[in-house]
Amino acid sequence: MKGKMTIHREFSIGETDKRLYGSFIEHLGRAVYNGIYEPGHPQADEKGFRKDVIKLVQEMNVPVVRYPGGNFVSGYNWEDGIGPVEKRPMQLDLAWATMESNKIGLNEFAQWCRLANTEMMYAVNLGTKGADAARNIVEYCNFPKGSYWSDLRRSHGTPQPHNVKLWCLGNEMDGPWQICHKNATEYGRVAVEAAKLMKWTDPSIELVACGSSNAEMSTFGAWETEVLEHLYDHVEYVSLHQYFNNSDNDTQKFLASSVIVDSFIKTVIGICDLTKAKKKSKKTINLSFDEWNVWYHSHGANPERWVEARPILEDIYTMEDALVNGCVLITFLKNADRVKIACLAQLVNVIAPIMTEAGGSAWRQTIFYPFMHTSVWGRGTVLRCPVICEKYSAKDIDDVPYLESVAVHNEEKNELTIFAVNRNLNETLELESEIFGFDGYKFIEHICMSNPNLKAVNSANGEVVKPVTLAAGKFESSPGGQRLEAKLPAASWNVLRFGK
Ligand code: AHR
């Protein structure tokens, strides 16, 4: 099978925002306790943070981590997680039916972020709490000194403000499963008042309004429309969440998940811009896709309740899951003009690219690699690359191209990178590309990840699924530019790198 891709230096979609490669850590399962934090582990530092986990997070190059939830945040009192650890209360976490000891809170997580070279994106509780708790935490985090909450922070050994720049106004408030779920009017009202107070406390912060929990919600569309009526002037972003699954064991359909993501993104952009027109506003609202991943392997597991740090949602990811995530990352890049933030949910142990064994090793799941590759090489100007290739129909989804691809030009580093998934499960895809405006560039390498067994997984015992370097294809001068020929194996994730 053949696929053609035209790349021209001048045809750009937009610049990537580094926060496209964000992730998420919730107080849930073994994400925090026995994940990033395991005192007594041979790799733990003096604060109890696992250095091996930090190293893997750094390898993924994650610029922002959403925290502390998720569903957890809608019942969370952030004040329980500050001050002397021995005085912090043991609370019931009603979202996940576990215990929360509050040993890790805001200041400890901020310390971990510094060690992991990342920034915190903080979600405030708009379930059981409201505007007052929200403005207090902004004051505690960001106000320099001289007020009650800022001085309390200083008395807790943190003289400098954390300067958290990005804040979510609650989590999935449209979902009936959410603690103190709200309808769009109720959410819009509480969120707008919280937003006002938070920005009056620190005008430099950016805010994310809750969009729909997924594109299948019965309120999808109506929710965004009403919420933005309330919040348009007060927020910079609206959130999207979406998880993918292969529950009906139809891999060809599963690999088309990113087509649904693309249409979800386009619809939300439409609603944002319609509201902009109705309000005659000059401001553009962008998108924060702040929860996304494959999630279904763990459904129905772990019935035990009220035990802290019990394993929850520990999906073990397959080769095909990595392909889906690769397609979704390419889709985010193709929408980089409006998708500014995206958070792979989650980062450690809970539906995560990084897994840990209590007292043992930390290891990379299959989905680690497409994320790491795009985060490392997918920064710069995203190029609009028309593709011609055969398409297929899957159940409920038509016109799915076998080739999913995009190119990113990093002008500073003089690098051009093509990310590509061959969705054909049986045939190699012969990629031909005419490339214009990159004279003097050479083929650096072709990294590829594939496995004849699409259900192959990694484990603490080793990485069955990992990238290899293939023999570079042809890359020659052609009239006006260069011509590339490369072979993309059946069902594969590919990174083709060029540079001066
Ligand atoms: O990431 C797991 C859960 O998925 C989050 O807590 C919630 O926001 C979403 O439903």
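As the structure lists them, so they are numbered: ligands from 1, and atoms in each ligand from 1. Just so you know, these numbers come straight off a predicted model, no measurement behind them.
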Asks: Go through it in stages, so that I can follow the logic: the residues are Phe368 and Glu59, the test is side-chain contact (heavy atoms from CB on, under 4.5 Å), and I'd like the CA-CA distance, side-chain angles, deciding distance and then a yes or no.
Replies: CA-CA 10 Å; Phe368 182 97; Glu59 199 177 315; 3.6 Å; yes
Asks: So if I only count non-hydrogen atoms and take anything under 4.0 Å from ligand 1, which residues does that give, chain by chain?
Replies: Phe24, Glu26, Gly70, Asn71, Trp96, Asn171, Glu172, Tyr243, Glu291, Trp295, Gln346, Ile351
Asks: Side chains of Trp493 and His373 only: does a donor on one sit below 3.5 Å from an acceptor on the other?
Replies: yes
Asks: Is a donor from one side chain sitting under 3.5 angstrom from an acceptor on the other, for Ser74 and Asn71?
Replies: no
Asks: Could you tell me whether Trp223 and Tyr187 have their ring centroids closer than 6.0 angstrom?
Replies: yes
Asks: Looking at Glu404 and Arg423, is there a salt bridge between them, counting it only when a charged N and a carboxylate O are closer than 4.0 Å?
Replies: yes
Asks: State, without any angle test, whether Asn34 and Arg50 hold a side-chain donor-acceptor pair at a distance under 3.5 Å.
Replies: no
